[in-house]
Amino acid sequence: FFFFFIFGMMIRSAIRGLRFATSVNQARALSLTAPVGSGFLKAVDTYFSEAAALTTHHKQLLEDIKAVDTVLSFQFVIERDEPAANGEKLFQTIIGYRAQHSHHRLPCKGGIRYSPMVNEDEVKALASLMTWKCAVVDVPFGGAKGGVVIDPREFSKNELEKITRTYAMRLIHHKFIGPGIDVPAPDMGTGPQEMAWIVDTFRQFNPEEVSGQGAVTGKPLEMGGIKGRVEATGLGVYFGIEALTENKDVMDSVGLETGLKGKTVVVQGFGNVGYYAAKYFQERGECKVIAIAEYDGYVYNENGIDVEKLKEFQLENGSILNYPAAESVKGGAESKLALELECDILIPAAMEEQITEDNAACIKAKIIGEAANGPTSPTADTILNSKGKIIVPDLFLNAGGVVVSYFEWLKNLSNVRFGRINKRYESSRGHAILQLLENAGIPIDPKLAAVITSGADERDLAHSGLLDTMRSSLSQMYAKKAELEGGRAGLVSLRVAAFVLAIDKVAKVRDAKGLIMST
């Protein structure tokens, strides 16, 4: 049997090898097949194809790494808490998905979203984007994404637990979850509570898995989560834009001074990502956040909005509208008009396809930072680039969540929290250094002294690792952009450069693995 297995694999390898017979030099001239599917999936495929045409990889390899490897779809029934109007038990059918785009590196990684808009094409698009996102920021995962077709606001906590645990059991049954297989995380409509239910369900079925907590990230701290994960995506957005604005050539190209201080910012979306991005722009960057938009309208104050106070108001009232320290513009259609406000930096942090050919020409921001997944359509992307705007793409800018999720996964594999082993040692060394300086008569500012003697805790280390990752990845993107342009600045967008960078990294892994056991 083993002989026939190996012989079969060799034949398969030979057949696949024939597909790669065309020389590398000819690959540039070959175009990929036209993208298919819904709008978002088509957009991701379009961006991939545009970048792939600038690489020297063989067409068949490009087609292979573009395709989604595996899609799991299923449905199940739950009993609702409240009976039907006639007093009988009320049941509801729930539809779930999990897509694994690439197994070039394992585990696969990607969030689970609860939304009535979830469909197979959306999940496939998001899984694809996760592959390229992980590659850009050097996180060694393949891309995945999951979704459940519900509006979580219409279900009780008890019902959400039923849905989440049943969804998890389906993933377990089909071997679509595990610390070395596929590691979900929160996304739209989910959070630490859902991740706690999922990891608990996984541990119930896999009690022998010593690193079982690593089957999910974005968990509560008491379930193996990591300090810094909650704010990670929004903080990563801030770190990415901060690094960008320190580049004088880039800022000169859009007529802005270097640095963030004093820049005006508009944020669309005031959930987790939008809130933390706005918070850090205001507190660390000393920016003026002049408008924040939600699904039902936006608030505006040309002198700046206090982000923390607005969040408190939202939590108390269920909406940002009617916040007393800003003008409220109400209505779902009007909400999108916030994207067109005069500002230096626009942060779309809500849904995909918010900037389209219908409103792209009206965007006045100099810098568009994509905190959401796929907020800009390909046509809008072309329009904005032709107007000289800088679009900082989603596959880089909103990668903060997966970066810190990677840190959480590493923590769960080692079963030791970051800082536990070395924090006290670092603190003692800092005290010794401070004592030497004081003995030498060198005055030390109290704040600086506190930094020297504190020692790094888990949040400090997570933030430091995220900062280093975002700055390093942005540098790689600009280096790739310069390489592709060949001295003719402005020919290649930052998005295309990021996709080429990601494609090259994935292709190198595939080449190194070879064909026989490649997936």
Side-chain angles (χ1 to χ4, degrees), residues 72-85 88-99 109-120 122-123 126-127 144-174 176-178 182-206 212-213 215-225 229-230 233 269-275 294-296 311 314-319 350-351 373 401 405 408:
L72 176 66
S73 63
F74 50 84
Q75 65 181 43
F76 54 88
V77 176
I78 66 158
E79 181 182 346
R80 299 299 299 264
D81 289 348
E82 298 296 326
E88 294 183 356
K89 290 182 178 181
L90 182 62
F91 297 93
Q92 183 163 340
T93 298
I94 307 295
I95 298 173
Y97 300 97
R98 186 69 179 175
K109 189 81 183 73
I112 298 170
R113 61 173 48 184
Y114 287 0
S115 167
M117 305 300 291
V118 167
N119 59 63
E120 185 172 318
E122 180 192 57
V123 171
L126 290 166
K145 208 72 176 186
V148 179
V149 190
I150 60 168
D151 183 344
R153 295 170 297 185
E154 296 179 357
F155 292 83
S156 69
K157 183 177 180 179
N158 179 58
E159 291 168 338
L160 287 173
E161 182 174 359
K162 289 181 185 178
I163 292 168
T164 304
R165 288 186 181 275
T166 306
Y167 178 86
M169 285 189 282
R170 290 300 183 94
L171 297 185
I172 294 165
H173 176 72
H174 292 282
F176 261 64
I177 185 172
D182 190 343
V183 181
D187 198 274
M188 182 189 306
T190 61
Q193 178 61 80
E194 286 76 18
M195 299 307 107
W197 288 328
I198 292 174
V199 76
D200 181 64
T201 305
F202 179 83
R203 296 302 297 269
Q204 296 290 337
F205 282 87
N206 299 274
Q213 285 182 315
V216 181
T217 61
K219 304 179 294 295
L221 287 174
E222 56 271 21
M223 297 288 287
R229 174 61 182 87
V230 173
T233 306
F270 203 49
N272 175 276
V273 178
Y275 160 64
E294 273 279 75
Y295 68 95
D296 54 352
K311 192 63 178 180
Q314 182 192 39
L315 294 174
E316 291 174 4
N317 298 276
S319 174
M351 295 284 289
N373 286 312
S405 281
E408 180 180 336

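This one's a predicted model, so the numbers in the text were calculated from it and none came from an experiment.
One finds the CD1 atom of I94 at 9.5 Å from the OH atom of Y114 (value rounded to the nearest 0.5 Å). With rounding to the nearest 0.5 Å, the separation of OG1 in T201 from CE in M169 is 6.5 Å. Atom CD in E120 sits 10.0 Å away from atom CG in L72 (nearest 0.5 Å). The CD1 atom of I112 lies 7.0 Å from the OG1 atom of T190; values are rounded to the nearest 0.5 Å. Taking NZ of K219 as the reference point, atom CZ of R229 lies at 10.0 Å (rounded to 0.5 Å).
Contact detail for F155 and I150: the closest heavy-atom pair is CE1-CB, 3.7 Å. Contact between T166 and K162 at its shortest, heavy atoms only, is OG1-O, 2.7 Å. Here the closest non-hydrogen pair linking V123 and G147 is CG2-N, 4.3 Å. Scanning all heavy atoms of the two residues, the minimum distance from D296 to S319 falls at OD2-OG, 3.2 Å. In this structure, P186 and G191 approach most closely via the heavy-atom pair CB-CA, 3.9 Å. Minimum heavy-atom separation, K109 to R98: C-NH2, 4.4 Å.
The shortest distance between side-chain heavy atoms of M195 and M223 does not fall below 4.5 Å. Considering only heavy atoms from C-beta on, Y97 comes within 4.5 Å of V118 through its side chain.
Within 6.0 Å of the CD atom in E222, the count of heavy atoms belonging to other residues, nucleotides or ligands exceeds 12.
For an aromatic pair to be called close, the ring centres must be under 6.0 Å apart, and Y167 with F76 fails this.
Residues forming a ring pair (Phe, Tyr, Trp, His ring centres under 6.0 Å) with F270 (at least two apart in sequence, or on another chain): Y275. N317 is linked by a side-chain hydrogen bond (donor to acceptor under 3.5 Å, both in side chains) to nothing, counting only residues two or more places apart in sequence or in another chain. D151 pairs by the salt bridge (Lys or Arg N to Asp or Glu O under 4.0 Å) definition with R153, not counting sequence neighbours. Here R80 pairs with Q92, E159 under the side-chain hydrogen bond (donor to acceptor under 3.5 Å, both in side chains) rule; sequence neighbours left out. In terms of the side-chain contact (heavy atoms from CB on, under 4.5 Å) criterion, H173 has no residue partners (sequence neighbours excluded).
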* Show your working on side-chain contact (heavy atoms from CB on, under 4.5 Å) between L160 and W197 and close with a plain yes or no. => CA-CA 10 Å; L160 287 173; W197 288 328; 4.1 Å; yes
* To do: Report the C-alpha distance between I198 and L171 in whole Å, list the side-chain angles of each, state the deciding distance to 0.1 Å, and finish with yes or no for side-chain contact (heavy atoms from CB on, under 4.5 Å).
  => CA-CA 10 Å; I198 292 174; L171 297 185; 5.8 Å; no
* To do: Just do the side-chain contact (heavy atoms from CB on, under 4.5 Å) check on V216 and I177 with the steps written out, would you?
  => CA-CA 8 Å; V216 181; I177 185 172; 4.2 Å; yes
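Residue pairs meeting the salt bridge (Lys or Arg N to Asp or Glu O under 4.0 Å) criterion with at least one member in residues 185-204, sequence neighbours excluded: R113-D187, K145-D187, R165-D200.
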